[in-house]
Amino acid sequence: MKTKDSHTWPRCLLGIAFAAALPTAAYAREGAVVPLSQVRLLPSRFQDNFKRDSAWMMSIPVHSLLHSFRTASGCFSAREGGYMTMHQLGGWESLDCDLRGHTTGHLLSALATLYAQTGSTRVKAKADSIVTGLAEVQNAFDRNGYLSAFPEGLIDRNIRGESVWAPWYTLHKILQGLLDQYRLCHSDAALTVAKRMGLWAYDKVSPIDEATRRRMIRNEFGGYNETMYTLYAITRDERYLKVARFFYHDEKIDPLKAGRSDLGTNHANTFIPKLLGEARRYELFHDPESRQASELLFNTLAYGHAFVTGEVSDKEHLFDPQEQSRHLTGYDGENCCTFNLLKLAEHVYGWNIGSERTREAVTAYYERALYNHILGQQDPQSSMVCYFTPLQTGAYRLYSTRDSSFWCCVGSGFESHVRYASFIYGRADDQLYINLLIPSQLEWDGTQLTQTTDFPASGHVVYRLSGRSKTFTLHLRRPAWATSVRVRVNGRSAPTVIRRQWQDGDTVEVDYGMALRTEATKDDPSRMALLYGPIVLAGRLGSVPHPFSDPRRYNDYYTFDYQIPKGLEQQTVIRGAKDVRQTGPLRFRTKGGIELLPFYDVHHERYVIYWKQP
């Protein structure tokens, strides 16, 4: 999220049954990842993050999430003297922040994702309460369907070209949350509110001339075009389609359609969501230029711009990847960028699921970004999340507060840590693809596949089939990081692509060889990162007592001083992997005595990712 001032890549929910996903052609893809309702995480680091994230979300009071909406619309929010009884959210949800309300939208999406995997009645009740409250606010506004946590005047400021943060961005988050509630929580009430919001938008933008349109969409609007395409897909009401097309950003997307991949210094998370709209457009109308633009942006960022962790951007902006080593700063990797890039990856994967080369390339980036950026965004001690993931030697992760931050990356973080299951498996007809090595169980029309592994501590993975027999082709990965791949079916050697009638009790064992290796920055071979398999290793450089944002300081993450000790970087000089020895599972040490472990496990301490060669 843009601030206003501003290649190679909860306990309450356990043991609850699956919920059925809502089938609708509006979300269909030509080959896609397996629906969340069919996948369940098993014990692992991913499930741990999932539980912590779920507990945090469920702890936020509904009346606090609705407070700014009710205040803006004139709804009853609290009794007289409500400031004494109402727990008001701070940070970007403060009543004087132009972006207020975005967190409620993110939470609607995250709760829908959570419900799809657990069927929890508590989750459903909380989500329904939020939707009911938003419907009441919409009626209170009484402005042809307008709904937000701020007055419509912020939209008018945008149209007039006056200073305002990003009001359409917030509307996108609310709309997307409502549509996810319809899709995954079966909420017709959510769809009713969303449709009215869309019709308000149609009435609002229809009179706007072309010059005004081009000026106003320079302001960040998230993936508002994507939600309008989805509303059109559900309803076939042409008015939503007209709004979707209104938010076509010619200046940014036309060059991609023409094959030009120079992204300049664009604000990354303003840019990426626009292409999620183009991806939806392709899936609805099979417009080849929309697909070309979407794939070109994904390929350029994932393979040309990304750091070794899979993250992109420095201080939220893109830069010339041939100057990558100059951008190892304390402000790398806005989490929202990777969150949205992974969503785009799912589209590209679905379109190319039949191409082994493209499928593996997309999966490899997804794996890298998920393990090395998203997974480590959450602090295991506090459940808080960071905005940036610094790559400057001696920096550390700076985390949010529980109720006084609510940055965009808190919102996307709520979603990120409950959607791990979204890409573990892919399926097209009778073809089943294993994408990620994450302990999980897949339910497929009476057939269960259970994946057991302690990856990346080892490369050993076991798949057990149970339930109804089924004939299908199982596609196992042969990733570039694997030094060897050995497959056995019921004890016998087998290839990585196996077609057979699978029976209850069948077992597939896979062993992936893993080794230490290095990857340099794109412009400086003397600046290199260490990896074990696909896992980025971080060198531990000393603990930090309180690595949390100070809500009294305006967006302190954006100018934070890490006070890196002098001379610290000189301790991080190594000749390469030969200067590192393994001391235990996922534990390593340099000749100089610096301990290394997976980057996702380094919290409350300084670290080094990119080492220097002498």
Side-chain angles (χ1 to χ4, degrees), residues 1-3 6-9 263-272 300-342 365 368-379 385-400 407-409 412-413 416 519-524 527-531 536-539 541 544 547 549 555-564 568-569 572 598-600 602-603 605-612:
M1 179 65 203
K2 187 176 185 179
T3 57
S6 68
H7 48 74
T8 51
W9 359 328
L263 303 179
T265 59
N266 274 286
H267 184 263
N269 199 51
T270 298
F271 205 149
I272 299 169
T300 301
L301 291 178
Y303 314 130
H305 279 248
F307 292 102
V308 68
T309 54
E311 63 193 81
V312 298
S313 79
D314 177 14
K315 269 209 169 180
E316 304 179 349
H317 288 261
L318 301 175
F319 53 84
D320 183 348
Q322 295 308 313
E323 297 180 351
Q324 192 177 65
S325 65
R326 296 172 53 188
H327 291 273
L328 304 179
T329 73
Y331 318 103
D332 294 316
E334 179 186 358
N335 183 75
C336 290
C337 299
T338 304
F339 168 74
N340 283 310
L341 196 52
L342 292 183
Y365 171 75
R368 177 174 296 225
L370 187 69
Y371 271 96
N372 300 309
H373 191 203
I374 298 297
L375 185 61
Q377 187 217 12
Q378 185 195 91
D379 173 25
V385 296
C386 51
Y387 191 108
F388 294 128
T389 297
L391 296 176
Q392 181 179 18
T393 297
Y396 52 89
R397 291 180 164 108
L398 183 71
Y399 307 107
S400 63
W407 312 316
C408 57
C409 294
S412 61
S416 290
E519 284 188 18
T521 57
K522 299 183 185 304
D523 60 317
D524 184 355
R527 297 302 299 265
M528 61 182 182
L530 287 162
L531 301 91
V536 174
L537 302 174
L541 298 179
V544 177
S549 171
N555 290 342
D556 63 339
Y557 62 84
Y558 203 73
T559 57
F560 191 77
D561 182 0
Y562 294 92
Q563 298 183 347
I564 300 172
L568 189 62
E569 189 171 11
T572 63
F599 188 27
Y600 60 73
V602 177
H603 295 272
E605 54 188 320
R606 301 181 189 275
Y607 51 74
V608 53
I609 299 299
Y610 282 100
W611 306 72
K612 296 184 69 174

Trainee: What pair of heavy atoms forms the shortest contact from L568 to G394, and how long is it?
Mentor: CD2-CA, 3.6 Å
Trainee: Once side chain to side chain donor-acceptor pair (under 3.5 Å) is applied, do any residues pair with N340, and if so which ones, sequence neighbours excluded?
Mentor: N269
Trainee: Once you round to the nearest 0.5 Å, how far does OG of S313 lie from NE2 of H267?
Mentor: 7.5 Å
Trainee: Within this structure, what is the CG-CZ distance for the pair D523 and R326, rounded to the nearest 0.5 Å?
Mentor: 8.5 Å
Trainee: Could you check if a side-chain atom of T572 sits within less than 4.5 angstrom of a side-chain atom of L541, using non-hydrogen atoms only?
Mentor: yes
Trainee: With a 4.5 Å heavy-atom cut-off, do C409 and Q377 have their side chains touching?
Mentor: yes
Trainee: Out of curiosity, C386 SG to N335 CG, how far, rounded to the nearest 0.5 Å?
Mentor: 7.0 Å
Trainee: Could you tell me if the side chain of L328 sits less than 4.5 Å from the side chain of T393, heavy atoms only?
Mentor: no
Trainee: Answer yes or no: is there a side-chain heavy-atom contact under 4.5 Å between L301 and L263?
Mentor: yes
Trainee: For the residue pair V536 and V308, what are the closest heavy atoms and their distance?
Mentor: CG2-O, 3.7 Å
Trainee: Inspect the surroundings of NZ in K315 and state if more than 12 heavy atoms from other residues, nucleotides or ligands are less than 6.0 Å away.
Mentor: yes
Trainee: Classify the angle between the aromatic ring planes of Y387 and W407 as parallel (below 30°), tilted (30 to 60°) or perpendicular (above 60°).
Mentor: perpendicular
Trainee: Can you tell me how far apart CD (E311) and SG (C337) are? Round to the nearest 0.5 Å.
Mentor: 9.5 Å
Trainee: Going by the side chain to side chain contact (heavy atoms under 4.5 Å, CB included) test, name the single residue among F560, Y562, Y331 that passes it with P390.
Mentor: Y562
Trainee: Quick check: closest heavy atoms across W611 and A529, and the distance to 0.1 Å?
Mentor: CD1-CA, 4.5 Å
Trainee: Which value, rounded to the nearest 0.5 Å, describes the distance between I564 atom CD1 and R606 atom CZ?
Mentor: 6.5 Å
Trainee: If I compare all heavy atoms of F388 with all of D332, which pair ends up nearest, and what's the gap?
Mentor: CB-O, 3.3 Å
Trainee: Walk me through it: do S400 and S549 pass the test side-chain contact (heavy atoms from CB on, under 4.5 Å)?
Mentor: CA-CA 6 Å; S400 63; S549 171; 5.9 Å; no
Trainee: Would you indicate whether the side-chain heavy atoms of H373 and L370 approach each other to under 4.5 Å?
Mentor: no
Trainee: Where do G310 and T338 come nearest, in terms of heavy atoms and distance?
Mentor: O-OG1, 4.2 Å
Trainee: Output the distance between atom CD (Q324) and atom CG (D314), rounded to the nearest 0.5 Å.
Mentor: 10.5 Å
Trainee: F599 ring centre to R397 NZ or CZ under 6.0 Å, with the angle to the axis within 45°?
Mentor: yes
Trainee: Mind running side-chain contact (heavy atoms from CB on, under 4.5 Å) on E316 and N266 for me, showing each step along the way?
Mentor: CA-CA 9 Å; E316 304 179 349; N266 274 286; over 6 Å; no
Trainee: Between E519 and R527, does any NZ, NE, NH1 or NH2 come within less than 4.0 Å of an OD or OE carboxylate oxygen?
Mentor: no
Trainee: Does one side chain, of H603 or Y399, offer a donor that lies under 3.5 Å from an acceptor on the other?
Mentor: yes
Trainee: Show the numbers, then the answer: is there a side-chain contact (heavy atoms from CB on, under 4.5 Å) between L341 and Y365?
Mentor: CA-CA 10 Å; L341 196 52; Y365 171 75; 3.1 Å; yes
Trainee: For the residue pair T265 and L318, establish whether any side-chain heavy-atom pair is separated by less than 4.5 Å.
Mentor: no
Trainee: Among N372, I374, T389, find the residue that satisfies the side chain to side chain contact (heavy atoms under 4.5 Å, CB included) test when tested with T309.
Mentor: N372
Trainee: Once the angle between the rings of Y600 and Y371 is folded into 0 to 90°, is it parallel (under 30°), tilted (30 to 60°) or perpendicular (over 60°)?
Mentor: tilted
Trainee: Can you give me the closest heavy-atom contact between P321 and G304, atom names plus distance?
Mentor: CB-O, 3.1 Å
